[in-house]
Amino acid sequence: MYMANYIDQQEESLSDARGRERELMTQSIDLLAQAKEKGANSIEAIRAIHFSSRLWMTLMEDLADNENVLPEQLRANLISIGIWVLKTLDAIRQGRSDNFTGVIEITGIIRDGLK
């Protein structure tokens with residue numbers, strides 16, 4: 001009986017964590033969409049790049065943790081995607097790119113996969 005409760009709590013905690021990750025990714029997408037509209041040199045772009053970079057760095061740190069329950073290959077693939085996102089955000093920050101759309105699309109795909 002106690003073991004069943006513990007397992008249920010773990011599953012709920014994973015579900016809650018995924019829900020928070022989805023919410024944060026949605027917030028990132030919204031900020032990036034505003035930045036795309038206002039331009040790469042806008043305050044909206046600075047906010048979006050900062051928020052999205054912090055989000056992806058945190059996700060990558062979690063994925064790199066040996067206690068992460070996701071399969072190793074999936075974790076590696078998601079870390080590779082995160083590296084691309086961070087490089088793209090840095091290129092936008094430096095004025096070498098304006099690929100908000102690519103980051104928005106990738107973040108949306110990952111978010112939708114968290115269901």
Side-chain angles (χ1 to χ4, degrees):
M1 177 173 167
Y2 294 111
M3 184 58 114
N5 272 341
Y6 178 73
I7 291 170
D8 288 343
Q9 286 179 349
Q10 277 189 317
E11 288 175 2
E12 285 178 26
S13 293
L14 277 174
S15 176
D16 291 345
R18 285 191 176 149
R20 284 189 301 276
E21 288 170 348
R22 277 194 308 272
E23 288 175 19
L24 290 169
M25 287 188 174
T26 297
Q27 186 176 351
S28 173
I29 291 167
D30 292 345
L31 289 169
L32 290 164
Q34 291 171 8
K36 178 182 174 187
E37 183 180 308
K38 298 291 183 173
N41 294 322
S42 65
I43 190 71
E44 290 81 5
I46 293 168
R47 287 185 186 125
I49 290 167
H50 179 73
F51 181 88
S52 299
S53 295
R54 286 184 43 216
L55 172 62
W56 277 98
M57 284 188 285
T58 302
L59 292 171
M60 290 169 56
E61 286 175 13
D62 181 56
L63 290 165
D65 188 333
N66 289 332
E67 294 185 22
N68 188 298
V69 297
L70 291 176
E72 189 173 332
Q73 186 61 46
L74 177 58
R75 291 171 33 208
N77 289 342
L78 290 169
I79 288 170
S80 293
I81 291 168
I83 291 168
W84 178 85
V85 168
L86 290 175
K87 285 182 178 181
T88 304
L89 290 170
D90 192 51
I92 294 169
R93 183 186 62 79
Q94 293 180 17
R96 295 184 287 114
S97 175
D98 63 352
N99 191 10
F100 289 105
T101 302
V103 177
I104 290 168
E105 289 175 357
I106 291 295
T107 303
I109 291 167
I110 301 302
R111 178 202 56 199
D112 295 346
L114 289 171
K115 295 181 181 180

Could you give the distance from CD (E44) to NZ (K38), rounded to the nearest 0.5 Å? 5.5 Å
Counting neighbours of CG on D98 that are heavy atoms of other residues, nucleotides or ligands and sit closer than 6.0 Å, is the number greater than 12? no
Checking I81, I79, V85 against I83 for side-chain contact (heavy atoms from CB on, under 4.5 Å), the one that qualifies is I79
Could you walk me through whether F51 and L32 satisfy the side chain to side chain contact (heavy atoms under 4.5 Å, CB included) test, starting with their C-alpha distance in whole Å, then the side-chain angles of each, then the deciding distance to 0.1 Å, before giving a yes or no? CA-CA 9 Å; F51 181 88; L32 290 164; over 6 Å; no
Whether R93 side chain and H50 backbone form a donor-acceptor pair below 3.5 Å: no
Heavy-atom pair with the smallest gap, counting every atom of A45 and A35: CA-CB, 3.4 Å
Residue of the set I92, L89, T88, L31 for which side-chain contact (heavy atoms from CB on, under 4.5 Å) holds with F100: I92
Have N77 and Q73 got a donor and an acceptor in their side chains that come within less than 3.5 Å? yes
Find the distance between CZ (R96) and NZ (K87) and round it off to the nearest 0.5 Å. 10.0 Å
Quick check against the 3.5 Å criterion: does R22 have a side-chain atom that pairs as donor or acceptor with the backbone of L114? yes
Distance-minimising heavy-atom pair for L78 and W56: O-CZ3, 4.3 Å
Can you find a heavy atom in the side chain of N66 that is under 4.5 Å from one in the side chain of R75? yes
So for atom CD, which belongs to Q94, do other residues, nucleotides or ligands contribute more than 12 heavy atoms lying within a distance under 6.0 Å? yes
